[in-house]
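Below is one structure; the comments refer to it alone.
Numbered from 1 within each chain, the chains take letters A, B, ... in sequence-line order. Predicted model only: the values in this text are computed from it and were never measured.
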Amino acid sequence: MKKISWNQPKEKNEDFFSRVYDIARMIPYGRVTSYGAIARCIGSPQGARMVGWAMNQANSQRDFIPAHRVVNRTGMLSGKHHFGGPRVMQELLESEGIGIEDDRVVNFRSLFWDPCSELI
DNA sequence: CGTCTGACGCACG
DNA sequence: GCGTGCGCCAGAC
C-alpha cells in the first residue's frame, strides 16, 4: 500500500488530520469519545467518516494514538477489526478498566469524553 | 467519469 | 430501544 498521498497540496486535509490526531491524543486514560464528537469539535460536523479514516492511518503516526478510545456514537467498537485482531481493541479498553459487553462500552454515557465541552 | 464502499450519524417509524 | 434509509466525503476500481 501507498505510503502517504498527502504530500500533495491538500493543505486542508492535512490540517484535518492534524486536528484529529491532536484531539485523539488528549483522550484521558479510561475514557472514550466518538468519531462524530471529534469531527464536530474541529469544525467538520459531517466528517465523522473521515475521522474514522484518519484513525486507520493512526498506526503510521510516530506518536502513539489511542485509537481504541474512539468508538461510534452508540459506544460500539466499530473499528475493532483494524487492530490486528478482532479482540485487540476490546482488550486494550478492558486493560484501562472499561467494561465491554456485546462489542459495546458499558456505561458509555458516563465514560464519554467530549473533546470540546470537557476540554479546559 | 460513474459507482461502490466505509473505524459515521441522523431522521423516521 | 432497534432496524432501515439516506446524506456525507474521500478512495478504490
Worksheet item: Under 4.0 Å between a side-chain N or O of A/Ser78 and OP1 or OP2 of B/dC8?
Response: yes

Fill in: Interatomic distance, A/Phe112 CZ vs B/dC8 C1' [rounded to whole Å]
13 Å

Worksheet item: In whole Å, what is the span from the CH2 atom of A/Trp53 to the P atom of B/dT5?
Response: 19 Å

Worksheet item: According to a 4.5 Å side-chain heavy-atom criterion applied to Ile, Leu, Val, Met, Phe, Trp and Tyr, with indirect links allowed, do A/Met89 and A/Met76 form part of one hydrophobic cluster?
Response: no

Worksheet item: Donor-acceptor pair under 3.5 Å: do we get one between A/Arg49's side chain and the base of B/dG6?
Response: yes

Worksheet item: Under 4.0 angstrom, heavy atoms only, what part of the nucleic acid is A/Gly47 near: base, sugar-phosphate, or nothing?
Response: nothing

Worksheet item: DNA chain B: A/Arg40 or A/Asn56, which has the more 5' nearest nucleotide?
Response: A/Asn56

Item to complete: Please determine, for the side chain of A/Ala48, which listed nucleotide (B/dC10, B/dC8, C/dA10) has the closest atom?
Response: B/dC8

Worksheet entry | Atom pair distance, as rounded to whole Å: CD1 in A/Ile100 and P in B/dA7 | 18 Å

Item to complete: Would you please confirm or rule out a distance under 4.0 Å between OP1 or OP2 of B/dC8 and any side-chain N or O of A/Ser34?
Response: no

Discussion item. Working to the nearest 0.5 angstrom, can you tell me the gap between A/Asp114 CG and A/Ile38 CD1?
Written reply: 10.0 Å

Discussion item. Keeping A/Tyr35 on the side-chain end and A/Trp53 on the backbone end, is there a donor-acceptor pair under 3.5 Å?
Written reply: no

Discussion item. Distance check needed: B/dA7 C1' versus A/Ile65 CD1, whole Å only.
Written reply: 14 Å

Discussion item. From CZ of A/Phe17 over to P of B/dA7, roughly how many Å is that when rounded to an integer?
Written reply: 15 Å

Worksheet item: Taking all atoms of both residues into account, what is the closest heavy-atom pair of A/Val106 and A/Leu111, and its distance?
Response: O-CD1, 3.6 Å

Fill in: CZ on A/Phe83 to CD on A/Gln90, rounded to 0.5 Å
12.0 Å

Worksheet item: Within this structure, what is the CE-to-P distance between A/Met55 and B/dA7, rounded to whole angstrom?
Response: 14 Å

Worksheet item: Okay, side chain of A/Arg31, backbone of A/Phe112: is any donor-acceptor separation there less than 3.5 Å?
Response: yes

Worksheet item: To the nearest Å, how far apart are A/Arg104 CZ and B/dA7 C1'?
Response: 16 Å

Fill in: Each stem that DNA chain C is part of, given as range with range (3 or more consecutive Watson-Crick or G-U pairs, under 3.5 Å)
B:2-6 with C:9-13, B:8-13 with C:2-7

Practice prompt. Could you tell me the separation between the CE atom of A/Met50 and the P atom of B/dG9, rounded to a whole number of Å?
Written response: 12 Å

Discussion item. Taking A/Ile65's backbone N and O only, do any of them form a donor-acceptor pair with A/Arg25's side chain (distance below 3.5 Å, no angle check)?
Written reply: no

Worksheet item: Which nucleotide sits closest to the side chain of A/Asn72: B/dC8, C/dC9, B/dC10?
Response: B/dC8

